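One structure is given here, and the rest of the page talks about it.
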Amino acid sequence: MTKEVEPQTGNRKSGMLKKFGVFLIVAAIVVIAYTQYGDLLSLANLAKQEAQLRAFQAENPVLVYGAAFLVYVVVTGLSLPGAAVLTLVYGWYFGLAPGLLLVSFASTAGATMAFLLSRFLFRDAIQKRFGDRLQSFNQSLEKEGPFFLFTMRLIPAVPFFIINAVMGLTPIRTRTFWWVSQLGMLAGTAVFVYAGSSVPDLQTLADKGVGAVFTPSQLTQIVIAFVLLGVFPLVVRFGMKFFGRAGAEPAV
């Protein structure tokens, strides 16, 4: 008995140490990136280097696209502040179509990275502690997960880094998380990239942000539209289930 238990205990401790080590590395990277390089991504700082950024893009187009993609993945993957600013800047820097393509795939890659980190670091501990309570939730999420995730992606009130972390604790498949996130974030990404591509210079973007393109009433209408678009699939799903049950009941 002892010989069987000891290897399991050793493997468990080894797994915990690995997770703790990964957590410390990620935490250190986040702290260093935020304290040492956080100001570099501010619109005010980027606006001062507008001419240099354009010149560097013209001289090194491939390098610029690759570096921009990597930066966006790291920022979103480690849940660093600045993703919204980057989206606006990329819209201005690359234009609407290239900027939308780059941000769409980079944001999904970063979100999936955050999702996998959350799953690796915390899922086992959460399931062991609350497994019995989460059993019915996990079962329903396996069926309704894509609809739930799609809705959350479209509602601006829910920060994306919270969605990434929480979904990593669920049984949803990585492939499903990827394509639903890619689709669900596309509308919001398009709005921000369009806003960035519509301003004449970075200083205007730094001074007014999204307000340089959209009025407050227009922004409110966009948010409401996103919410309705996100809730719609769930309403349709519920309606189909409700009428399906009603049709299955025997007539009296």
Side-chain angles (χ1 to χ4, degrees), residues 11-12 14-30 33 65-66 68-84 86-87 90 100-190 192 226 229-230 233-234 237:
N11 291 336
R12 194 158 49 239
S14 177
M16 291 177 63
L17 286 175
K18 287 181 181 179
K19 291 182 180 181
F20 185 66
V22 171
F23 177 78
L24 288 180
I25 292 172
V26 172
I29 293 174
V30 169
Y65 275 99
F69 186 91
L70 181 61
V71 168
Y72 204 105
V73 170
V74 171
V75 168
T76 53
L78 299 180
S79 302
L80 297 172
L86 278 180
T87 306
Y90 284 11
L100 179 59
L101 185 66
L102 190 154
V103 173
S104 179
F105 282 93
S107 61
T108 305
T112 305
M113 174 181 166
F115 165 86
L116 292 174
L117 275 174
S118 174
R119 172 164 290 182
F120 174 74
L121 293 173
F122 306 115
R123 185 186 176 190
D124 289 344
I126 295 295
Q127 291 297 329
K128 285 179 181 178
R129 184 162 186 176
F130 304 103
D132 295 337
R133 302 178 188 177
L134 294 174
Q135 185 175 3
S136 59
F137 173 75
N138 287 337
Q139 290 175 350
S140 62
L141 195 63
E142 287 180 359
K143 299 178 181 178
E144 308 293 341
F147 290 94
F148 177 76
L149 177 58
F150 183 75
T151 299
M152 293 298 99
R153 287 301 190 196
L154 284 173
I155 299 177
V158 184
F160 282 175
F161 74 91
I162 293 180
I163 298 174
N164 300 334
V166 171
M167 294 306 294
L169 307 178
T170 70
I172 190 171
R173 295 181 178 179
T174 304
R175 181 175 58 186
T176 301
F177 178 86
W178 175 285
W179 74 260
V180 174
S181 297
Q182 184 90 47
L183 184 61
M185 293 191 294
L186 186 59
T189 299
F192 273 82
F226 282 169
L229 186 60
L234 294 179
R237 187 80 169 179

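Because the structure is a prediction, the values reported are computed rather than measured.
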I'd like to check [X] versus [Y] (side-chain heavy atoms, cut-off strictly below 4.5 Å). Are they in contact?
X	Y	result
Trp178	Arg173	no
Leu117	Leu78	yes
Phe177	Thr170	no

Between [atom1] on residue [X] and [atom2] on residue [Y], distance to nearest 0.5 Å:
X	Y	atom1	atom2	result
Tyr90	Phe69	OH	CZ	10.0 Å
Ile162	Ser118	CD1	OG	11.5 Å
Tyr72	Thr108	OH	OG1	9.5 Å

For this session: Among Thr174, Asn164, Thr76, find the residue that satisfies the side-chain contact (heavy atoms from CB on, under 4.5 Å) test when tested with Thr112.
Result: Thr174
Exercise. Given Leu186 and Leu100, is the side-chain contact (heavy atoms from CB on, under 4.5 Å) satisfied, shown in steps?
Worked result: CA-CA 8 Å; Leu186 186 59; Leu100 179 59; 4.1 Å; yes
Of the non-hydrogen atoms in [X] and [Y], which two are nearest, and what is the gap between them?
X	Y	answer
Thr189	Thr87	O-CG2, 4.2 Å
Ala68	Leu102	CB-CD1, 4.2 Å
Phe161	Ser79	CB-OG, 3.6 Å
Phe160	Met152	CE2-O, 4.3 Å
Leu149	Ser181	CD2-OG, 3.9 Å
Ala111	Arg153	CB-NH2, 3.8 Å

Problem set entry | Heavy-atom donor-acceptor pair, Ser104 side chain to Leu101 backbone, under 3.5 Å | no
For this session: Determine, step by step, whether Ile172 and Phe148 satisfy the side-chain contact (heavy atoms from CB on, under 4.5 Å) criterion, reporting the C-alpha distance in whole Å, the side-chain angles of both residues, the deciding distance to 0.1 Å, and the verdict.
Result: CA-CA 11 Å; Ile172 190 171; Phe148 177 76; over 6 Å; no
